[in-house]
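See structure below.
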Amino acid sequence: MATSSASAPVATLVHGLLRVATCGSVDDGKSTLLGRLLHDTRQIADDQLDHVRDVSERRGTALDLALLTDGLRAEREQGITIDVAYRSFETPRRRFILADCPGHEQYTRNMVTGASTADAAVLLVDARHGVVAQTRRHLAITALLRVPHVLVAVNKMDLVDWDGGRFAEIAGDVRALAETLGVEDVACVPVSALEGDNVVEPSTRTPWYDGPPLVTRLEELPPESDDPDGPLRFPVQLVIRPLGEAGGGRRYAGRVARGTVRPGDAVVALPSGEEAVVAAVETLDGELAHASAPRSVSIVLDRELDISRGDVLCRTGAAPALTRELEATICWMGERHLRPGARLLLKHGTRTTRAIVEDVTERLHLQSLLGAPAPDGLALNDLGRVRVRVAEPLVADPYAESRAAGAFVLIDDATNDTVAAGMITSTTG
Amino acid sequence: MTLAPIDPAAGPAISDLDALEAEGIHILRELAAERERPVLLFSGGKDSIVLLRLAEKAFRPGAFPFPVMHVDTGHNFPEVVAFRDRRVAELGERLIVASVQASIDAGRIADVSGPRSSRNQLQTVTLLDAIAEHRFDACIGGARRDEERARAKERIFSLRDAFGGWDPRAQRPEIWDLYNARVRPGEHVRVFPISNWTELDVWRYVAREGLELPSIYFAHERSVFKRDGMLYADDPVIERLPGEEPFVTSVRYRTVGDMTCTGAVRSEAATLEQVVTEIAATRVTERGETRADDRASEAAMEDRKRDGYF
C-alpha cells in the first residue's frame, strides 16, 4: 500500500490557550460544575457517558458526573479526589487546559501545583454558605501564586431561590477579601451547575445579574503573555552543536522566560558577564524577527562564548545583579519538617544549585497570609517565609515582577522529592 | 534559512498549537539536559510521529541526544513497521527494536495463544528488559492526558521504580515548568511531552506540519471481521471464532497498536482533511472505540501503568 502524505490544508486554530485552575470540593458541587462545563461544551464522548451511566446504575445512584473526573481506583473507592487532574476542552473561541485541584486532601500542595501554571482560577462557593474558610485559603493561594484573573462561581443558586440579594452579599464579601489579599482582578458569577444556569448558557433566572456566563468570561479574558516588554531573561537549557561543517556555529537553546529577543540585540551572558550580539533567533521553521515568552527557540550569537546550561542571556544594560542570598515565600511539601540549616537543592530556571535554608522567619496563616514566628519550622502544607543562601549565583527577579524569573523549587537530594515551591520576594548579592 | 514573518498585529500572544509545541520542545530539552541515558519510544503511531517532529524542533541542527526504540510485538501492522524503518532512516537517527518474539524465544515470557489472546501485555516485560539492558534512565512517550482517566493525573515527568511500576499516590508535585527528572540507580522517569495535547490537537499539528503518517490511518479496503462491536484485521495472528466471518470494507485506524487489540473504524476518509473532519465530529473516544486493552475493566489503564506499561 502506498503511504499517504499529509499536505491537505486544514484550518488551524489561532485563538490561543488559557490555563485555568479549578478549586473547590465535591461539597461545593465542583465535579458537577466540571461535568456541566464539559457536557454543555460537548466535550464528553458517548462511550465516556455510557461508562458513567453503567457505573451509576450498578451502584444504584443517579447519573454521577463526578465519575468522569475521578481517575484513580482509590478515588472511586473512597469517593474523594486525591490528585490534580488535567483535562482539556475547547469552545469555538478558545482552547482551555483545566488543572482540577481537589479541595480536601493535601489541598495546599495541590492548589499551589494547579495555580502555578494558571492564567486564571475558578473558585467555587456554595451560595448557602457564602465565603468560608476554604474560600479564604483558595483566594490566598491564588494571590500568593499571582494568578492574574480569578472568577468566583457562586454555585447552587437554585437552593437559595435565585436570590439576587444573597448573591450581592457574597460578591461583596469576595471583593473585600480580594482587596485584603491583593487579588486585582476578581469577578463573581451566579450559577447552578446542576441545572446549567450561567455555566455555558445564560440564565433567565438571574435578571439582576448583567454579566456573561462563566465560560464566556473565560473566553473573554485577555490572552496572557509573560511580560513581552519586560527585560529579557533567556535561561540556556542546552548548547546545540551542529552536525558537520555546514551546520554553522553553536546554538543556545532555551525558552524565553521574560521579555523579547531580537536579532541585533546586545546581550550579556550571566554569571560570566561576557557580551555578544544576537545574530539570529532560530527555529526549525526558519529565523524569527522576534521571540517572546513562552516560545522555545535557539539563539545564535555573533561570537562563541563559554556558555552552558544554567546561564542566562540578558539585554546589556538591563541585567539584574547576581543573587547569592534570597528571601522567599514557600509552600512546604515535604513529609519531614523544614528547619533552619536544611541543605537542599534549588532549581531556578535551568540552574540547579546547592542551597542552605538559613532561616525560617515566619509561618503564614493559610487564610489571611499574615505572618507569625515559626519556632518549629514548617510542616507539610505550611506556607512560610525563608532566607536561602545558594552555592552558585542566580539570575533572578522578584516573583511579583515575573513568575518565570522569580520561581524556584527545592529538591531533597536524599530522596529526590520536590519538597517546596518558592517565590522570590527579594534578592541580595 | 528563510525568514518566517510574524504578523505584528497579532501581538505577542501565540496560537494554542504554538503554545503546546513550545511546551513540548522545552520538556524534551529539559530531559536531555538532566538525564544521561534517555530513549524515545516510537510506535509508528501519530503521537510518536509528533514526538519525532518535536525532537527535530528541539535539537536540530544537532543530532538527537537519544536513540529511538520500538517495542515490536511481532504482531504489528506491516505497513507501520515499514514506515518506522523509513522514517528513522530519513532522520539519520539510531533505531533500537526490542522484540517480544525475542523475549519469547529467550524464555523470558510465555507466548499466548487462542482466539482472544494478545501480546499487548507481553510488551511490558520486553520494554523493562530493554531499559535494563541499555541502562536507560528515561523513556519519552507519546501518552496524552485526554486518553484515559488515570493518565489525566499523571505527571509530565513520571517516576518509575526499579520494577517499572507507577505509584499514583507518591507522585512528585510538578510546579511551574520546573521539572524534577532525578532518579536513583535502577529507577527511571517516563516523560510525556504531549501530555496536554488532545487527539484533535495531534491531528491539527500533523496537518500543519505536513507530517507523513502510515497508510492505515486513511480509508482503505481491508478484510476484517466483527468481534464485540469492533472490527479486527483478518490476519493469521488473530484466530477467529466460529461465526466470525471476514468481509471486505473500507476502514481506517484511529490508533496504531498491536493488531490483536486494535480495531478499525468504517470510514471513507481518505485524506487528512476528511479524517480531521470525522474526528472533530465523532462522539466516541479513540480508546473506547478501537482499543480492546482498555475495555478490560474500569481501572484497566491504571493497573497496567502500575505494572510498568507506558
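What you see below is based on every heavy atom in this structure, not just the backbone, and it leaves out hydrogens, waters and symmetry mates. What you are looking at is a predicted structure, and each value in this text was computed from that prediction instead of being measured. Chain letters run A, B, ... following the sequence lines, proteins first and then strands; every chain starts at 1.
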When you compare the side chain of [Y] with that of [X], does any pair of heavy atoms fall below 4.5 Å?
{"X": "B/Ile156", "Y": "A/Tyr86", "value": "no"}
{"X": "A/Gln237", "Y": "B/His26", "value": "yes"}
{"X": "B/Pro173", "Y": "A/Asn110", "value": "no"}
{"X": "A/Arg255", "Y": "B/Glu23", "value": "yes"}

Most heavy-atom pairs under 4.5 Å with chain B, out of A/Ile97, A/Leu243, A/Thr117, belong to A/Leu243

Q) Pick from A/Val297, A/Thr350, A/Asp50, A/Thr260: which one has the most heavy-atom pairs with chain B under 4.5 Å? A)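 Winner by heavy-atom pair count: A/Val297.
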
So for atom CD, which belongs to B/Glu36, do other residues, nucleotides or ligands contribute more than 12 heavy atoms lying within a distance under 6.0 Å?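 Result for CD/B/Glu36: open.
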
Could you tell me whether the side chain of [X] and the main chain of [Y] form a donor-acceptor pair under 3.5 Å?
{"X": "A/Ser116", "Y": "B/Ile175", "result": "no"}
{"X": "A/Lys347", "Y": "B/Tyr179", "result": "yes"}
{"X": "B/Asn180", "Y": "A/Asn416", "result": "yes"}
{"X": "B/Glu174", "Y": "A/Thr113", "result": "no"}

For [X] versus [Y], what's the shortest heavy-atom pair and its separation?
{"X": "A/Pro294", "Y": "B/Ala22", "value": "O-CB, 3.3 Å"}
{"X": "B/Trp176", "Y": "A/Phe408", "value": "CZ3-O, 3.4 Å"}
{"X": "B/Ala32", "Y": "A/Leu238", "value": "CB-CD2, 4.0 Å"}

Contact class of [X] relative to chain A, heavy atoms under 4.5 angstrom:
{"X": "B/Val275", "value": "neither"}
{"X": "B/Arg155", "value": "side chain"}
{"X": "B/Asn196", "value": "both"}
{"X": "B/Ala58", "value": "backbone"}

B/Phe66 meets the ring-ring contact (aromatic ring centres under 6.0 Å, His included) criterion, sequence neighbours left out, with B/Phe59, B/Phe64

Name all residues meeting the ring-ring contact (aromatic ring centres under 6.0 Å, His included) criterion together with A/Trp332; count only those two or more places apart in sequence or in a different chain, and write none if there are none.
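Per chain and number, A/Trp332 pairs via ring-ring contact (aromatic ring centres under 6.0 Å, His included) with no residue.
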
May I ask you to say whether [X] pairs ionically with [Y], meaning some side-chain N is under 4.0 Å from a carboxylate O?
{"X": "A/Arg94", "Y": "B/Asp16", "value": "no"}
{"X": "B/Glu34", "Y": "A/Arg309", "value": "yes"}
{"X": "A/Glu282", "Y": "B/Arg60", "value": "no"}

Given that the side chain runs from C-beta out, which part of [X] has a heavy atom under 4.5 Å from chain B: side chain, backbone, both or neither?
{"X": "A/Arg19", "value": "side chain"}
{"X": "A/Ala414", "value": "backbone"}
{"X": "A/Arg241", "value": "backbone"}

Using a 4.5 angstrom heavy-atom cutoff, name the option from [options] with the most pairs to chain A.
{"options": "B/Glu187, B/Glu21, B/Arg184, B/Arg144", "answer": "B/Arg184"}
{"options": "B/Arg29, B/Glu56, B/Glu30", "answer": "B/Arg29"}
{"options": "B/Thr277, B/Leu178, B/Ile25", "answer": "B/Leu178"}

Audit row: A/Ile411, B/Arg182, side-chain contact (heavy atoms from CB on, under 4.5 Å) steps and yes/no: CA-CA 9 Å; A/Ile411 296 167; B/Arg182 297 173 68 85; 3.8 Å; yes

TODO: Check the pair B/Asp18, A/Arg295 against side-chain contact (heavy atoms from CB on, under 4.5 Å), reporting the backbone distance first and the verdict last.
DONE: CA-CA 8 Å; B/Asp18 283 339; A/Arg295 278 193 195 273; 4.0 Å; yes

- Query: Distance from A/Leu98 atom CG to B/Arg145 atom CZ, nearest 0.5 Å?
  - Reply: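 It is 12.0 Å, given to the nearest 0.5 Å.
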
Note to self: Walk me through whether B/Thr198 and A/Arg95 qualify under side-chain contact (heavy atoms from CB on, under 4.5 Å).
What the structure shows: CA-CA 10 Å; B/Thr198 62; A/Arg95 166 91 163 74; 3.8 Å; yes

